[in-house]
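Notes for the one structure printed next.
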Amino acid sequence: MSGSGKQAERVAQYSPAEIEILKQAGQIVAGTLQLLYTHLQPGITTAELDNIAEEYLRAQGAVPSCKGYKGYPATICTEIEDVVVHGIPDHAKLQEGQIVGIDLVGSYQGYHGDSTITVAIGEVDEERQRLMQVTEDALRAGIRQARAGNRLRQVCQAIQEHVEKAGFSVVRDLVGHGIGRQMHEPPQIPNFVVEGQFTDYELILQPGMVLAIEPMVNAGTAQVRMGQDDWTMRTADGRPSAHFEHTIAVSDGGPLILTKRGDA
Ligand code: MF3
Ligand code: CO
């Protein structure tokens with residue numbers, strides 16, 4: 001259809017040489033998250049984590065993409081407990097029993113990589129563990145559908161089905177996105193399908209498309225609310241939220257996870 005043809009034109013397809021640089025960017029982001037993982041212990045502050053991330057990124061020749069973006073003041077976004085996205089690092093100490101997401105975007109030679117992990121601080125209860133596991137598995141299920149020839153809706157649907165089968169809810173107000181020369185590029189990648197809400201559902205995935213797939217999953221209501229700082233988004237009911245994200249490239253040989261970590 002002409003509609004989907006038009007979509008395919010406006011979504012960038014990166015060359016194999018560019019994918020190679022995007023992979024380097026992704027690997028620096030992945031390495032930074034792995035380093036942060038070792039520091040995610042009770043007592044550390046998110047401001048300390050932010051410093052570690054910025055220093056490491058810059059030492060690799062990369063630049064924090066979020067810092068200065070629309071005035072955002074930090075390298076990482078921190079998602080403690082009911083924070084869904086865009087929490088600003090501060091001097092509060094992490095506590096045993098919390099789940100904490102770290103969302104990091106870095107650019108290397110002008111190409112961006114974007115990835116998020118959610119981690120348990122010490123021991124967490126069974127619901128939080130399951131919430132993290134379901135969210136990470138939902139990301140995997142979405143990535144599995146990111147194959148050349150598939151429609152984007154297959155990615156969105158796979159994520160939603162996995163989450164809702166588990167009795168959790170996908171956030172409706174935030175979506176994944178294309179990525180590459182810009183941190184946010186078309187297409188929009190919702191973690192749900194509502195017919196007619198996004199024309200990008202019909203996009204046919206092509207080799208060279210680079211996607212940041214990022215389910216945000218709430219234990220309770222899907223509803224979120226914006227904080228007074230105009231950045232921090234929390235669940236409306238105060239129950240916990242988890243978030244996992246990878247930057248992937250669609251290729252002839254299946255999805256390539258550019259932000260793949262050693263442990264995953
Ligand atoms: N990974 C976040 C996103 O895709 C990056 C936010 S950077 C910020 O929305 F500056 F907006 F916080
Ligand atoms: Co993102």
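We number each residue from 1, following the sequence as shown. In each ligand, atom 1 is the first atom listed, and ligand 1 is the first ligand listed.
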For [atom], the protein heavy atom that lies nearest, with its residue and separation:
{"atom": "atom 10 (F) of ligand 1", "answer": "Y72 CB, 3.2 Å"}
{"atom": "atom 9 (O) of ligand 1", "answer": "H86 NE2, 3.1 Å"}
{"atom": "atom 7 (S) of ligand 1", "answer": "C66 SG, 2.4 Å"}
{"atom": "atom 3 (C) of ligand 1", "answer": "H184 NE2, 3.4 Å"}

Which ligand 1 atoms, with their elements, are less than 4.0 angstrom from a heavy-atom of [X]?
{"X": "D114", "answer": "1 (N), 4 (O)"}
{"X": "V105", "answer": "1 (N), 5 (C)"}
{"X": "C77", "answer": "12 (F)"}
{"X": "E214", "answer": "4 (O)"}

**Q.** N or O pair under 3.5 Å between W231 and ligand 1
**A.**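 Min N/O separation from ligand 1 is not below 3.5 Å for W231.
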
Q | Min N/O separation D103 to ligand 1 under 3.5 Å | A | yes

Q | Interatomic distance, C156 atom SG to Q197 atom CD [nearest 0.5 angstrom] | A |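 Going from the SG atom of C156 to the CD atom of Q197 covers 10.5 Å.
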
(Q) Counting backbone and side-chain atoms alike, is an N, O or S atom of E245 positioned under 2.8 Å from the Co ion (ligand 2)? (A) yes

(Q) At less than 2.8 Å, would any N/O/S atom of H177, backbone or side chain, sit next to the Co ion (ligand 2)? (A)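 An N, O or S atom of H177 is closer than 2.8 Å to the Co ion (ligand 2), so yes.
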
Q. Do other residues, nucleotides or ligands put more than 12 heavy atoms under 6.0 Å from Q129 CD?
A. yes

Q: Check the pair E127, R239 against salt bridge (charged side-chain N to carboxylate O under 4.0 Å, His left out), reporting the backbone distance first and the verdict last.
A: CA-CA 10 Å; E127 182 184 58; R239 291 179 66 189; 2.7 Å; yes

Are [X] and [Y] within salt-bridge range, i.e. N to O under 4.0 Å?
{"X": "D173", "Y": "R225", "value": "no"}
{"X": "E54", "Y": "R58", "value": "yes"}
{"X": "R128", "Y": "D125", "value": "yes"}
{"X": "R153", "Y": "E195", "value": "yes"}

Q. Taking non-hydrogen atoms only, is H177 closer than 4.0 angstrom to ligand 1 via side chain, backbone, both or neither?
A. side chain

(Q) Would you say the rings of Y72 and Y69 are close, in the sense that their centroids are separated by under 6.0 Å? (A)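 Between Y72 and Y69, which both carry aromatic rings, the centre distance is not below 6.0 Å.
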
Q. Is the closest heavy-atom distance from K67 to ligand 1 below 4.0 Å?
A. no

Q: Assess R172 against F192: is NZ or CZ under 6.0 Å from the centre of the six-membered ring, and within 45 degrees of the ring's axis?
A: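 Yes, a cation-pi geometry holds between R172 and F192.
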
(Q) If I consider every N, O or S atom in E214, which one ends up closest to the Co ion (ligand 2)? I only need its name. (A)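 Atom name returned: OE2.
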
(Q) Only N/O/S atoms count here: what is the atom of D114 closest to the Co ion (ligand 2) called? (A) OD2

(Q) Checking side chain to side chain contact (heavy atoms under 4.5 Å, CB included) between E79 and each of I99, T46, V100, T116, which is the one that passes? (A)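 So, applying the side chain to side chain contact (heavy atoms under 4.5 Å, CB included) to E79 and each of I99, T46, V100, T116, only T116 qualifies.
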
